[in-house]
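Accompanying notes for the structure given below.
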Amino acid sequence: MSCFAFLAFLGLCSPEPAPTTGPAGPVAVIDGDTLDVGGARVRLHGVDAPETAQSCGTGTGAVWACGDWVTQETTLRFSGRDAVCETVDIDRYERIVARCAVAGADIGETLVSEGLALAYVDYSEDYLDSEVEARAAGRGIWRGEVEAPWDWRRAKREGRSAAAPKARVEAGGCAIKGNVSGGGRIYHMPGDPYYGRTKIDTASGERWFCNEAEARRAGWRHAGS
């Protein structure tokens with residue numbers, strides 16, 4: 001019996017409260033830090049991922065759609081899997097703020113350690129060490145330059161916008177568009193004739209690739225072949 005429980009038994013303090021529970025069930029990914037878990041909208045506690053419309057730098061002058069890529073990668077890892085969450089708070093948008101786990105692994109920890117999200121230190125420093133390690137290893141968004149999502153949102157509110165992506169291939173930039181059409185799975189390189197007009201819909205199985213080898217391994221073929 002714990003000391004707290006013993007004091008409660010003697011009537012010297014209130015019984016220890018039960019752990020806070022939260023949503024549980026299959027995951028549907030909304031974006032890199034927002035999920036539907038068992039039908040409930042959940043904002044992951046302590047992490048902040050690039051917004052879906054956000055772009056990042058490659059480190060060599062070009063930009064790539066890192067926010068869309070993060071949503072895609074989060075979907076590949078967690079969509080349809082069962083999660084168990086612990087509620088921390090309710091935010092101003094009426095979303096449940098929670099820590100969630102799949103098969104015992106903390107989703108927030110996974111996202112930050114794999115370079116798919118930042119530690120949201122305004123609310124928690126739980127994942128700060130994982131971010132430092134991911135930065136040092138150049139994982140995910142840390143392969144180049146990324147604006148903190150909270151700064152990106154502030155710029156958008158103030159009417160400032162990021163520079164438009166440049167239509168060129170840059171080493172290390174996830175700028176290759178994997179499109180699904182009547183012709184099958186086709187990838188478009190920056191500079192290809194239909195690159196600019198091709199829109200990627202991750203909900204339909206389309207995705208971004210960082211290099212041609214990755215695209216070919218996944219079963220896509222170049223639009224020009």
Side-chain angles (χ1 to χ4, degrees), residues 15-56 65-128 130-131 134 139-141 146 148-154 156-157 174 177-180 185 199-209 218:
E16 188 172 4
T20 302
T21 58
V27 171
V29 174
I30 306 303
D31 59 29
D33 53 39
T34 308
L35 315 171
D36 278 349
V37 179
R41 184 61 51 91
V42 173
R43 174 63 166 83
L44 293 171
H45 176 67
V47 305
D48 200 5
E51 299 293 334
T52 302
Q54 186 174 343
S55 296
C56 297
C66 60
D68 198 8
W69 178 78
V70 164
T71 299
Q72 168 190 292
E73 292 297 312
T74 305
T75 299
L76 291 173
R77 285 162 174 76
F78 299 113
S79 182
R81 303 183 67 184
D82 286 333
V84 176
C85 301
E86 178 187 0
T87 298
V88 175
D89 200 358
I90 303 295
D91 71 9
R92 59 178 175 166
Y93 304 109
E94 299 300 316
R95 298 175 301 185
I96 298 168
V97 180
R99 298 182 183 89
C100 298
V102 167
D106 186 319
I107 294 177
E109 171 70 26
T110 299
L111 294 174
V112 176
S113 65
E114 295 187 9
L116 300 176
L118 290 74
Y120 208 171
V121 294
D122 282 355
Y123 296 95
S124 173
E125 295 187 359
D126 288 351
Y127 307 117
L128 186 56
S130 295
E131 181 187 310
R139 298 190 196 115
I141 56 177
V146 57
W150 49 87
D151 289 334
W152 186 90
R153 292 191 295 268
R154 182 183 304 113
K156 187 176 181 181
R157 288 195 300 270
C174 297
K177 297 179 177 181
N179 175 240
V180 179
R185 295 183 174 187
K199 305 300 181 184
I200 299 303
D201 179 8
T202 56
S204 299
E206 298 178 331
R207 56 178 298 186
W208 296 84
F209 295 101

message: Under 3.5 Å, is there a donor on one side chain and an acceptor on the other for Tyr127 and Asp106?
response: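 Distance-only check passes for Tyr127 and Asp106.
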message: Is it the case that the side chains of Trp150 and Asp48 hold a donor-acceptor pair, with the cut-off being a distance below 3.5 Å and no angle test?
response: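 No, no side-chain donor-acceptor pair sits under 3.5 Å.
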field: Exam field: side chain Arg139 to backbone Ser113, donor-acceptor pair closer than 3.5 Å
entry: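 Yes, because the side chain of Arg139 sits within donor-acceptor range (under 3.5 Å) of the backbone of Ser113.
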message: I'd like to know if the side chain of Glu131 and the backbone of Leu118 have a donor-acceptor N/O pair within less than 3.5 Å.
response: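 Side chain of Glu131 to backbone of Leu118, a donor-acceptor pair under 3.5 Å: no, none is there.
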Specify the closest pair of heavy atoms between [X] and [Y], including all atoms of both residues, with the distance to one decimal.
X	Y	value
Ala98	Cys85	CB-CB, 4.0 Å
Gly32	Thr74	CA-OG1, 3.8 Å
Cys56	Val146	SG-CG2, 3.5 Å
Arg153	Tyr120	NH2-OH, 3.3 Å
Gly46	Ser124	CA-CB, 3.9 Å
Ala119	Val112	N-CG2, 4.3 Å

Roughly how far, to the nearest 0.5 Å, is [atom2] of [Y] from [atom1] of [X]?
X	Y	atom1	atom2	answer
Leu116	Asp33	CG	CG	11.0 Å
Asp31	Thr75	CG	OG1	9.0 Å
Lys177	Asp68	NZ	CG	10.0 Å
Arg92	Arg43	CZ	CZ	11.0 Å
Arg99	Glu86	CZ	CD	6.0 Å
Glu94	Arg41	CD	CZ	13.0 Å

query: If we only count heavy atoms from C-beta on, is the Phe78 to Thr110 side-chain gap below 4.5 Å?
result: yes
Evaluation steps, salt bridge (charged side-chain N to carboxylate O under 4.0 Å, His left out), between Arg207 and Glu73: CA-CA 9 Å; Arg207 56 178 298 186; Glu73 292 297 312; 3.8 Å; yes
Derivation of the side-chain contact (heavy atoms from CB on, under 4.5 Å) call for Val37 and Ile96: CA-CA 10 Å; Val37 179; Ile96 298 168; over 6 Å; no
field: Criterion salt bridge (charged side-chain N to carboxylate O under 4.0 Å, His left out) on Glu51 and Lys156, from CA distance to verdict
entry: CA-CA 11 Å; Glu51 299 293 334; Lys156 187 176 181 181; over 6 Å; no
